[in-house]
Q: 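Provided herewith is a single structure, encoded as structure tokens, for subsequent inquiry.
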2 protein chains.
Amino acid sequence: MQRVFEALSSPVRRKILAYLAHADLTAGEIAAKFEISKPAVSQHLSVLEVAGLVTSEKKGQYVHYSLAPDQLTNTLNGYVQEVCPVAKPLKRESAALAKARANKPDDAGL
Amino acid sequence: MQRVFEALSSPVRRKILAYLAHADLTAGEIAAKFEISKPAVSQHLSVLEVAGLVTSEKKGQYVHYSLAPDQLTNTLNGYVQEVCPVAKPLKRESAALAKARANKPDDAGL
DNA sequence: TAGGTAATTAGGCAATCACTTAAACATTGA
DNA sequence: TCAATGTTTAAGTGATTGCCTAATTACCTA
């Protein structure tokens with residue numbers, strides 16, 4: 001949770017996630033999209049991986065990175081639910097969400 | 001957007017938002033809930049306010065802070081939608097969400 | 001095995017962050 | 001007006017962050 005929000009606080013890291021949302025990429029392909037050095041990108045990728053937002057798989061000499069969408073959506077949605085409970089729900093979508101939540105016993109309390 | 005994620009990267013600030021989710025509080029009441037000094041809390045409140053996550057209203061010598069739930073939910077939900085588009089939806093909730101969305105012409109696109 | 005490419009680790013530095021105490025500002029009430 | 005209370009601003013400090021270059025590790029191929 002802390003690691004996720006910390007990871008998302010960097011524009012570069014959010015941009016990396018956006019790239020990975022469209023396609024898996026190698027570390028080098030990601031680095032090529034930024035002005036900063038490769039080691040700097042590697043560090044960002046490490047932060048994202050520790051936060052569980054991306055996964056990596058080594059294939060030969062390349063390391064392929066993938067988005068871990070569940071970790072992202074679960075954390076953010078869960079947080080929104082926690083801070084903006086039922087009182088003032090999300091918006092339109094909240095109706096469906098609240099219904100879904102009513103079905104299973106709540107263990108979301110941080 | 002950047003300011004929102006930056007604001008959320010601090011555990012203290014997330015805790016403040018959680019407190020304000022239950023009730024409006026004055027600066028002093030918020031500060032009393034933390035070990036850190038009042039000026040430190042005041043700075044955190046300032047960050048939250050600049051990010052649009054809270055609003056403040058001065059009443060006499062007190063300053064009352066309130067959660068701005070829309071800014072929070074809109075930003076986070078919008079971001080989730082952007083990074084994890086339709087392809088790989090949320091998770092359990094996504095079923096209900098997708099169903100709900102199917103019912104009415106979609107205008108939820110960020 | 002040697003050379004080249006991909007990626008990470010290590011070490012160092014400037015900038016930023018979170019916090020502190022002290023001071024200032026604003027409001028209330030005697 | 002003066003003192004007390006609530007809050008913010010200011011100034012300074014130690015820790016952390018983000019970046020760099022250089023070195024290292026891992027893999028592939030000739």
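Labels below follow one simple rule: chain letters A, B, ... track the order of the sequence lines, proteins then strands, and each chain is numbered from 1.
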Q: Could you pull out the closest heavy-atom pair between B/G52 and B/A68, with the gap in Å?
A: O-CB, 3.4 Å
Q: Can you get from B/V50 to B/Y65 by hopping between Ile, Leu, Val, Met, Phe, Trp and Tyr side chains that sit under 4.5 Å apart?
A: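 In one cluster: no.
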Q: At the 4.0 Å heavy-atom cut-off to chain B, mark where contacts on DNA chain C begin and end, going 5' to 3'.
A: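 It runs C/dC17 to C/dT28.
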Q: Tell me which residues in residues 36-51 of chain B lie within less than 4.0 Å of DNA chain C, going by non-hydrogen atoms.
A: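 Residues of residues 36-51 of chain B under 4.0 Å from DNA chain C: B/I36, B/S37, B/P39, B/A40, B/Q43, B/H44.
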Q: With sequence neighbours excluded, tell me which residues meet side-chain hydrogen bond (donor to acceptor under 3.5 Å, both in side chains) with A/S66.
A: A/D24
Q: Applying side-chain contact (heavy atoms from CB on, under 4.5 Å), run through A/C84 and B/L67 and close with a yes or a no.
A: CA-CA 9 Å; A/C84 306; B/L67 187 65; 4.3 Å; yes
Q: Check A/Q2 against B/S9 and note the closest heavy-atom contact, atom names and distance.
A: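 Minimum heavy-atom separation between A/Q2 and B/S9: NE2-O, 3.2 Å.
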Q: Side chains of B/K33 and B/L25, heavy atoms from C-beta outward: is any pair under 4.5 Å?
A: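 With C-beta onward as the side chain, the pair touches.
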Q: With B/S56, which residues qualify under side-chain hydrogen bond (donor to acceptor under 3.5 Å, both in side chains), at least two apart?
A: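 With neighbours one apart ignored, the set is B/E49.
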Q: Measure across B/L48 and B/A7 and return the closest heavy-atom pair with its distance rounded to 0.1 Å.
A: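 That closest heavy-atom pairing would be CD2-CB, 4.1 Å.
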Q: What is the distance from atom OG1 of B/T75 to atom CD of B/Q71, rounded to the nearest 0.5 Å?
A: 4.0 Å
Q: Less than 4.5 Å apart, side chain to side chain, heavy atoms only: is that true for B/Y62 and B/E29?
A: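 Result no, sub-4.5 Å side-chain heavy-atom pair not found.
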Q: Donor-acceptor pair, B/S42 side chain versus B/K38 backbone, under 3.5 Å?
A: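 No: the side chain of B/S42 does not pair with the backbone of B/K38.
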Q: What nucleic acid atoms does A/E29 come within less than 4.0 Å of, heavy atoms only: base, sugar-phosphate, or nothing?
A: nothing
Q: Earliest and latest nucleotide of DNA chain D, 5' to 3', sitting under 4.0 Å from a non-hydrogen atom of chain A?
A: D/dT17 to D/dC28
Q: Within residues 53-65 of chain A, find the residues that approach DNA chain C with a heavy atom at under 4.0 Å, and present them sorted by residue number.
A: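 Per residue number, the list reads A/Q61, A/Y62, A/V63, A/Y65.
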Q: Please name the pair of heavy atoms, one in A/E6 and one in A/R13, separated by the smallest distance, quoted to 0.1 Å.
A: O-NH2, 3.2 Å
